[in-house]
Protein chains: 2
Amino acid sequence: MLRGDITVAIRNAVMNELAEVGYGRLSIEAVARRAGVGKTAIYRRWSNKLEMVMEIISDVAERKVPLPDTGSFSGDLSLLLLIVSTALRHRMASQIIPDLMAEAARNPQIAETLQRALRTHQQAVGEKLIGQAVARGELPAGTDPEVAVDLILGPLYWRLAVARQPIEDDYLEKFTVAVTAALRAMG
Amino acid sequence: MLRGDITVAIRNAVMNELAEVGYGRLSIEAVARRAGVGKTAIYRRWSNKLEMVMEIISDVAERKVPLPDTGSFSGDLSLLLLIVSTALRHRMASQIIPDLMAEAARNPQIAETLQRALRTHQQAVGEKLIGQAVARGELPAGTDPEVAVDLILGPLYWRLAVARQPIEDDYLEKFTVAVTAALRAMG
DNA sequence: CTACGACGTAACGGTTGCGTTCCGCCGTTT
DNA sequence: AAACGGCGGAACGCAACCGTTACGTCGTAG
């Protein structure tokens with residue numbers, strides 16, 4: 001019954017509005033305005049702001065990202081770092097994610113949705129990456145995927161999304177070497 | 001002329017309000033209510049919300065933290081990790097910092113204030129910690145303090161403030177070993 | 001003792017957003 | 001041809017907050 005093009009327009013408007021003003025200041029009226037749509041069209045689909053945002057965010061978050069398999073751990077790692085650092089440079093990630101993370105500290109429902117998406121992602125990446133490396137004998141058998149993911153994603157997120165400092169040409173290279181050494185030492 | 005105890009009450013109210021509802025939803029009226037103070041008392045001190053929050057935050061951010069000097073790099077590192085991880089467990093840090101960081105993505109003035117505080121802190125910690133280790137011969141001479149700081153603070157911030165997962169007993173130990181190896185390899 | 005000024009309270013007009021309702025339009029279904 | 005239902009638009013009453021103002025109280029400085 002509901003028109004699909006209208007739904008798409010609303011979803012886009014929500015994402016853009018989220019990026020521009022954040023969840024806290026996002027208003028249904030602004031979304032309607034931006035989507036070129038009546039408020040009624042929105043309330044016909046969701047009953048309030050939280051429900052609307054959660055449904056839209058969940059959809060986006062559940063899109064799966066292809067995991068690297070280049071044949072060597074350092075290759076996998078380089079590629080992963082490249083993918084993540086590229087993603088974190090886009091507005092979608094660099095604005096919306098920190099905003100929702102901050103919001104999650106107050107709203108259990110947002111927290112749960114985000115954590116699930118995040119943890120699933122992390123686990124998948126960590127287990128595949130580390131599992132492959134261990135199978136190849138490049139990392140010791142006891143390597144903890146969880147700690148490994150922290151070591152890999154943490155610094156990138158910190159630098160790009162928190163400190164918001166640029167990444168120079170050789171940074172990812174240096175970083176790959178460092179992380180490899182760290183994981184070998186930790187086993 | 002302005003009464004000091006009132007100013008203190010307002011500052012506390014702002015910090016608590018920031019932690020609870022975040023910058024976006026912080027209202028002057030709520031601050032006044034919480035501080036048990038009239039709005040006039042606030043407007044007599046600051047002309048608007050942004051100015052008020054920035055001044056208060058700047059003050060807090062500029063408080064200097066004593067840097068470790070335990071005599072060895074791994075000792076320094078362990079202590080630093082302990083200090084940071086403890087700080088990040090408190091509401092003040094785990095709620096307010098991500099919130100302001102997200103806000104900074106939109107408000108250049110907030111961004112600048114936070115970046116200055118952050119960068120100053122980072123540089124001080126990085127240069128002292130790495131400098132000491134290099135002087136002792138524990139790290140190679142070319143070690144980049146900036147990358148080192150990313151490697152140290154990034155994973156902790158990620159785990160505690162983003163992923164919001166607990167830190168187990170041996171995590172910091174493992175982590176210390178890993179980071180040490182990473183820095184040695186990177187030189 | 002007086003004057004000053006910071007204080008809390010209360011009210012102001014104006015803005016924004018909520019969630020709801022009613023309307024007339026128009027494309028689809030039957 | 002008629003009925004249905006999603007659509008945009010407009011307005012509703014309600015609530016919160018903005019930044020400002022007027023007023024009366026009270027502690028302190030002169």
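To find a chain, count down the sequence lines: A is the first, B the second, and so on, and within it residues start at 1. These numbers were taken from a predicted model, which means no experiment stands behind them.
Residues satisfying the ring pair (Phe, Tyr, Trp, His ring centres under 6.0 Å) test with B:Tyr23, not counting sequence neighbours, are none. The side chain to side chain donor-acceptor pair (under 3.5 Å) check on B:Ser27 picks up nothing, with sequence neighbours excluded. Here A:Asp144 pairs with nothing under the side chain to side chain donor-acceptor pair (under 3.5 Å) rule; sequence neighbours left out. With sequence neighbours excluded, the residues that form a side chain to side chain donor-acceptor pair (under 3.5 Å) with A:Glu20 are A:Arg34. B:Val177 pairs by the side-chain contact (heavy atoms from CB on, under 4.5 Å) definition with A:Ala185, not counting sequence neighbours. Scored by the side chain to side chain donor-acceptor pair (under 3.5 Å) test, B:Ser58 finds no partners at all (sequence neighbours excluded).
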Protein heavy-atom contacts under 4.0 Å, written 5' to 3' over nucleotides 10-30 of chain D as B (base), S (sugar-phosphate only) or - (none), form the string -------SBBBBB--------
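Residue pairs meeting the salt bridge (Lys or Arg N to Asp or Glu O under 4.0 Å) criterion with at least one partner in residues 149-165 of chain B, sequence neighbours excluded, are A:Glu146-B:Arg159, A:Asp150-B:Arg159, A:Arg159-B:Asp150.
Taking 4.0 Å as the cutoff to heavy atoms of chain B, we find the contact window on DNA chain C bounded by C:dA6 to C:dT9.
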